[in-house]
Undergrad: 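The following block contains the structure, expressed as structure tokens.
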Amino acid sequence: MDFATPLVLLSGCVGFGEEYTRVAGFSHHEVGAVCLKGTTLQPRLGNPAHRVFETPAGMLNAIGLQNPGARYVVDKILPTLDFSETRFIANLSGSTVEEYYQVARIFDNSPIDALEINISCPNVKQGGVQFGNDPEMSARVVEVCRKATNKPIITKLSPNQTDIAHNARRCIEAGTDGLAVINTLTGMAIDIEARTPVIGNNQGGLSGPAIKPIALLKTHQVYQMCKPYKVPIIGQGGITTANDAIEFLIAGASGVGIGTALFYNPLVCASINAGIVEYLQRHKLTNVSELIGSLQLHEASAAPCG
Amino acid sequence: MNRKPHRNTIVVEGAPVLAHTGHAGAQHIIRLHAPQIAQRALPGSFVHLQCDPYLPMRRPISIMRVDAKAGWVEFLYKVVGHGTQLLSQRKIGESLSLLGPIGVPFILHAERPRPLLIGGGVGIPPMVFMADHIRLHHPGFKPLVIMGSEVPFPFQTQPSKIMLPGIPDGVIACMPLLEDWGIASRLASLQAYPGCFDGYVTELARAWLNTLDPSQRQQVEIYSCGPQPMLAAVAKLAAEFALPCQVSLEEYMACAVGGCAGCTVKIQTPEGPYMKRVCVDGPVFDAYQVFGN
């Protein structure tokens, strides 16, 4: 699957695809793909307030997968999207492996371009442990989705685990076509007057520039593992400028996700694209692909700690 | 036919600060040059503005006044946290990024020409905008504006020359700007400010509503913005008098264009509860859907 630009608008930031087109000057043509909001089998109301809160160089969110259900998305929302403007990717979530399968089946029979699996959901049959924090559970979800569809599958990896590269390998073995690295890190903020968490769900996902160095390293770790399999990565986590995007491409990402940066500047994609083009020209490169994974590591002296 | 009427309704504008004044109670009034937003805004609209170049997350702030001809928009805000603290330091000539206008505005109805506007604290601005809009576009309407504040009002109050039945003796303080526009206003506070009603905005509103005869009362619609407990009381008052009521809500916001669903509130509908986004489904909602009653 090819994208018109390496930019991908991230799930949870752009609703079901049309929301940002409210802003004059915003265009889907600026991005290679748009990931729609996380979708479950049944409609969900989501979490109580507050759902978002700014933290240093980032923000916490806990929306709680508010969505109208997969059937509604396919029947009522997808027909309103203009697939000539960009590619649209569904984002699948579930509480059980069976739910992922059913949601994938529903999207399989739709014009959607690809399926992104959000494995950072609690498995209600395994004591609420997130699928994505356990490589075997992650692989199991990918496996059933693979059976459910021939469309490209992108698995969104969680940073909240010991060895993300191992998890990536298990997902590749289970049949994923691509990887999204990384989902948000879990975090909390406390209202010291009320002595309660600020976020209604108590904890939330941390995004924004604060997580960029973590995301960059994880992207590179996953890239080193993926390289022999030729599985592409959409690198993401705190990208707000063209230089950020270029770092992720050099680290091994084939595409770069834009999320929180849109909240800062809804028109940021045009400037990121322009910055990437300027960089390519300055370095006499003809294509972004020449940048991917071009990182030259320093000669590593084995530094076990710090 | 335009199948996507929502497209291109919000603009990003670099807006130089034209005026910025501090008032008691950590309140500030800022006027910015933003001609496109001034042209498009309606009462209830808000902007999502960058308080400081080094604080990238924007803050939603409701619009108090616009001058479409001169191309400016004006806001009243109170310093409540880091963002508004940084905003209060912006100087004349500095430029801020504004995203707006955003949101479903208040709707006036021809059959209800006696709008009762109730604003509390930093909920006052949309009521001023609404009063200005009524003055310019609904000259036959007879609005009454009631404002409440527990810090000194961010304007010099003055005795009103507009007589109002049902308003207790001595409650004569008004907002000069509204008075100049020929729009009746009265003020309420628990702080014993001179000329102000000593009590809640809803008590003052009830006193006024009680003096109206039933046919006059049928011409009233309530519009309100302010703290949640005040809005709940306003909604209850509306229910008591069987009056339609629109309220403007606030919530922490990330995108402000409907993308993140971070700012939702629970709304009751005949089909059951819905989580609606304050940014683009609101900020103005039917009070009965928000508070029941």
Side-chain angles (χ1 to χ4, degrees), chain A residues 9-27 34 37-38 43-68 79-82 198-200 204 207-209 240 259-268, chain B residues 3-14 36-37 40 48-60 81-83 86 97-103 228 249-267 271-281:
Chain A
L9 300 185
L10 296 179
S11 179
C13 299
V14 290
F16 284 98
E18 267 298 316
E19 308 300 346
Y20 264 87
T21 64
R22 288 190 169 88
V23 182
F26 177 92
S27 168
V34 174
K37 188 157 172 34
R44 289 201 194 181
L45 280 179
N47 291 331
H50 301 299
R51 289 176 165 191
V52 292
F53 186 65
E54 186 179 27
T55 55
M59 59 172 282
L60 289 168
N61 88 82
I63 309 300
L65 290 173
Q66 178 180 346
N67 80 92
T80 68
L81 299 179
D82 186 345
V198 176
I199 295 288
S207 65
T240 62
T260 306
L262 284 171
F263 307 161
Y264 301 170
N265 174 10
L267 306 180
V268 73
Chain B
R3 283 171 53 237
K4 300 179 186 292
H6 61 279
R7 285 194 168 188
N8 304 320
T9 52
I10 299 170
V11 298
V12 183
E13 244 179 335
Q36 293 186 70
I37 293 173
R40 296 164 179 231
H48 209 32
L49 67 80
Q50 222 160 40
C51 299
D52 185 283
Y54 294 101
L55 186 76
M57 286 294 280
R58 294 162 181 268
R59 298 292 187 274
H82 188 47
L86 289 168
S97 172
L98 264 55
L99 177 65
I102 308 168
Q228 193 81 356
L249 305 181
E250 62 176 359
E251 181 50 70
Y252 291 170
M253 237 171 238
C255 77
V257 298
C260 72
C263 62
T264 55
V265 289
K266 194 179 261 184
I267 299 294
E271 294 83 41
Y274 269 87
M275 297 302 280
K276 292 281 188 186
R277 299 161 296 185
V278 169
C279 63
V280 293
D281 300 322

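Below, all heavy atoms of this structure are taken into account, side chains as well, without hydrogens, waters or symmetry copies. Just so it is clear: chains get the letters A, B, ... in the order the sequence lines come, proteins before strands, and each one is counted from 1.
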Undergrad: Using a 3.5 Å cut-off and no angle test, enumerate the donor-acceptor pairs between side-chain atoms of residues 259-266 of chain A and protein atoms at least two apart in sequence or in another chain.
TA:
from, atom 1, to, atom 2, distance (Å)
A:Thr260, OG1, A:Ser207, OG, 2.7
A:Asn265, OD1, A:Leu267, N, 2.9

Undergrad: Measuring heavy-atom distances to chain A, does B:Tyr274 have an atom under 4.5 Å in its side chain, in its backbone, in both, or in neither?
TA: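 Backbone only.
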Undergrad: Go through the structure and list residues passing side chain to side chain donor-acceptor pair (under 3.5 Å) with A:Arg51, not counting sequence neighbours.
TA: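 Per chain and number, A:Arg51 pairs via side chain to side chain donor-acceptor pair (under 3.5 Å) with A:Gln66, B:Thr264.
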Undergrad: Would you name the heavy atoms of B:Glu251 and A:Ala49 that are closest together and state the gap between them?
TA: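 Result for this residue pair: OE1-CB, 3.4 Å.
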Undergrad: Please determine whether a side-chain nitrogen of the Lys or Arg among B:Arg40 and B:Glu13 lies less than 4.0 Å from a carboxylate oxygen of the Asp or Glu.
TA: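 Between B:Glu13 and B:Arg40 there is no salt bridge, as every charged N stays at least 4.0 Å from the carboxylate O atoms.
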Undergrad: Does any backbone or side-chain atom of B:Thr9 lie under 4.5 Å from a heavy atom of chain A? Answer side chain, backbone, both or neither.
TA: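 Looking at B:Thr9, backbone and side chain both touch chain A.
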Undergrad: Which atoms of A:Val14 come close to chain B, meaning under 4.5 Å heavy atom to heavy atom: side chain ones, backbone ones, both, or neither?
TA: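 Only the backbone of A:Val14 comes within 4.5 Å of chain B.
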Undergrad: Tell me, do A:Asn47 and A:Ile199 make a side-chain contact under 4.5 Å, heavy atoms counted?
TA: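 With C-beta onward as the side chain, the pair stays apart.
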Undergrad: Among B:Val280, B:Val11, B:Leu99, B:Val12, which residue has the highest count of heavy-atom pairs closer than 4.5 Å to chain A?
TA: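 Maximum pair count with chain A is reached by B:Val280.
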Undergrad: Could you have a look at A:Glu18, A:Arg22, A:Met59 and say which one has the most heavy-atom pairs with chain B under 4.5 angstrom?
TA: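 Looking at each of A:Glu18, A:Arg22, A:Met59 in turn, A:Arg22 comes out on top.
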Undergrad: Taking B:Arg277, B:Lys266, B:Gln36, B:Met253 one by one, which has the highest count of heavy-atom pairs under 4.5 Å against chain A?
TA: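 Most heavy-atom pairs under 4.5 Å with chain A: B:Arg277.
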